[in-house]
Amino acid sequence: MKTVLSESDIARTIRRMAHEILERNSGPFLLLGIPTRGVSLARALAEAIDSISPDVCEVGQIDVGLFRDDRDTRKAKPIAETVIPGSVDGTTIILVDDVLFSGRTIRAALDALSSFGRPAMVQLAVLIDRGHRELPIRADYVGKNLPTSLSEKVSVKTMEDDSEDSVVIE
Amino acid sequence: MRHLLSTDELSREKAIEILDSASQISRLNQDTTRKFPTLQGKTVVTLFFEDSTRTRISFELAAKRLSADVINFSSGGSAVSKGENLKDTAQTLEALGADALIVRHSASGASYNLAHNGWTSASIVNAGDGTNQHPTQALLDALSLRQGFEIKDGEGLDGKKILIVGDILHSRVARSNLSLLPTLGAEVDAVGPGSFSPGCKYANLDEALETKPDAVMMLRVQKERMNQPLIPSDKEYSRFWGLTEQRVKQVPNSLILHPGPMNRGLEISSYAAESENSLVLSQVKNGLAIRMAVLSMILGSKNEA
């Protein structure tokens with residue numbers, strides 16, 4: 001087990017990503033975290049963005065369980081809450097997740113989003129990009145690129161869910 | 001979870017997981033009706049050997065909302081002997097590639113048989129077997145109660161007193177609730193006239209209501225399951241055990257449930273059914289969400305076993 005990002009690394013990375021997001025988006029936008037860890041990351045990002053430029057972003061969450069295409073091959077998690085403040089139609093949405101891996105979660109999130117409406121634009125922010133994509137999906141904002149082998153396991157821990165901020169690789 | 005046959009087999013954690021998933025699904029459907037791709041390419045058969053409208057429609061709609069293909073099979077009063085009929089039908093449907101069979105049968109244990117004796121590899125959901133079990137009904141009752149008591153997701157029904165009234169002997173709804181609600185931490189008492197509820201310590205509903213239950217669940221008087229007259233007359237039943245207007249006023253804070261279809265004027269008065277404490281319509285609404293949650297858990301994930 002090796003710690004890839006410590007608590008202070010994560011805080012710095014989140015601040016940097018907040019600046020990158022603001023550079024690309026002048027108008028209002030909506031951060032949507034993907035449960036479980038994406039939700040707390042979205043909140044942390046929103047807080048960082050708020051401290052730089054108040055009142056430009058709102059934050060919510062979107063569960064993708066019912067939209068997955070790989071439910072036959074993995075154990076399903078219970079369905080988590082979806083909270084979308086305001087309307088999806090015509091809004092700039094930034095999806096937030098902890099680890100970008102096969103890309104299937106993001107594909108499911110795009111499907112879930114379209115069931116709520118037609119966003120003006122969808123961007124993707126992830127804390128860790130570990131490679132091994134199975135779909136043509138890439139992130140707009142990446143906290144850290146982390147080359148991994150398929151046998152390794154990357155876990156992101158957040159204060160809200162695990163009472164510590166860290167990224168470890170096993 | 002591969003089958004859902006009985007509420008006996010549900011742990012507290014599993015039961016709460018189903019309730020939580022269902023309440024998220026019903027929240028997703030609050031503003032607009034949504035269709036999910038979860039069960040695309042799966043075939044679900046509703047196999048009903050007994051009449052039913054609401055349960056079959058609810059299951060059919062739940063499967064369709066999850067994008068499954070749905071085939072409705074009803075026996076239509078066929079006279080073939082039960083065991084053989086069930087086996088042949090199950091094998092036929094298996095050959096056609098059914099992924100799940102939702103089964104209602106007048107014989108207790110029919111679903112268990114289908115799930116365990118190797119006739120079919122499909123997942124089985126018990127939608128009522130004789131006087132034995134009707135697990136999705138108990139789950140939707142529990143969800144309605146949890147909402148009615150304003151209890152948060154992730155929690156059970158701890159410490160709530162639930163009174164089940166009526167034909168306990170013949171009721172699969174009662175049996176399912178008698179195992180699920182205590183699993184969720186509720187105290188359950190089942191009462192009714194001696195012929196319906198042997199050993200009942202109350203002479204009538206008034207006495208039972210003096211225990212101040214948090215919710216009263218009325219059961220339908222099921223004439224089709226009585227092969228001999230067990231109550232002297234409808235009027236007498238209603239006088240002693242019906243939830244009349246006067247009795248509703250005796251327990252103004254108790255929630256009222258009924259699995260439907262209601263015999264208005266017999267076990268439940270119109271006043272009770274339409275009172276502001278009545279959960280009857282939320283039970284129907286929650287039925288859809290519970291069945292979507294159950295189908296997505298059974299068919300929409302890799303099975304542990």
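Because only heavy atoms are used, hydrogens play no part in the values below, and waters and symmetry mates are left out as well, while side chains stay in. Chain A is the first sequence line, chain B the second, and so forth, proteins listed ahead of strands; every chain is numbered from 1.
A 6.0 Å sphere centred on CG of A/D55 holds no more than 12 heavy atoms belonging to other residues, nucleotides or ligands. The number of heavy atoms from other shown groups lying within 6.0 Å of OH (B/Y112) does not exceed 12. For CD1 of A/I52, the number of neighbouring non-hydrogen atoms (other residues, nucleotides, ligands) closer than 6.0 Å is greater than 12. A/R16 CZ: more than 12 foreign heavy atoms inside a 6.0 Å radius. Other residues, nucleotides and ligands contribute more than 12 heavy atoms inside 6.0 Å of the CD atom of A/E20.
Remark: B/D153 CG to A/E81 CD distance equals 7.5 Å, nearest 0.5 Å.
In this structure, B/S21 contributes its side chain and A/I79 its backbone to a donor-acceptor pair below 3.5 Å. A donor-acceptor pair under 3.5 Å is absent between the side-chain atoms of B/R27 and the main chain of A/T82, judged by distance alone.
If you measure heavy-atom distances from B/I18 to chain A, you find no contacts under 4.5 Å at all. At a 4.5 Å heavy-atom cutoff, A/A108 makes no contact with chain B through either its backbone or its side chain.
Counting heavy atoms from C-beta outward, B/L28 and A/L66 have side chains that approach closer than 4.5 Å.
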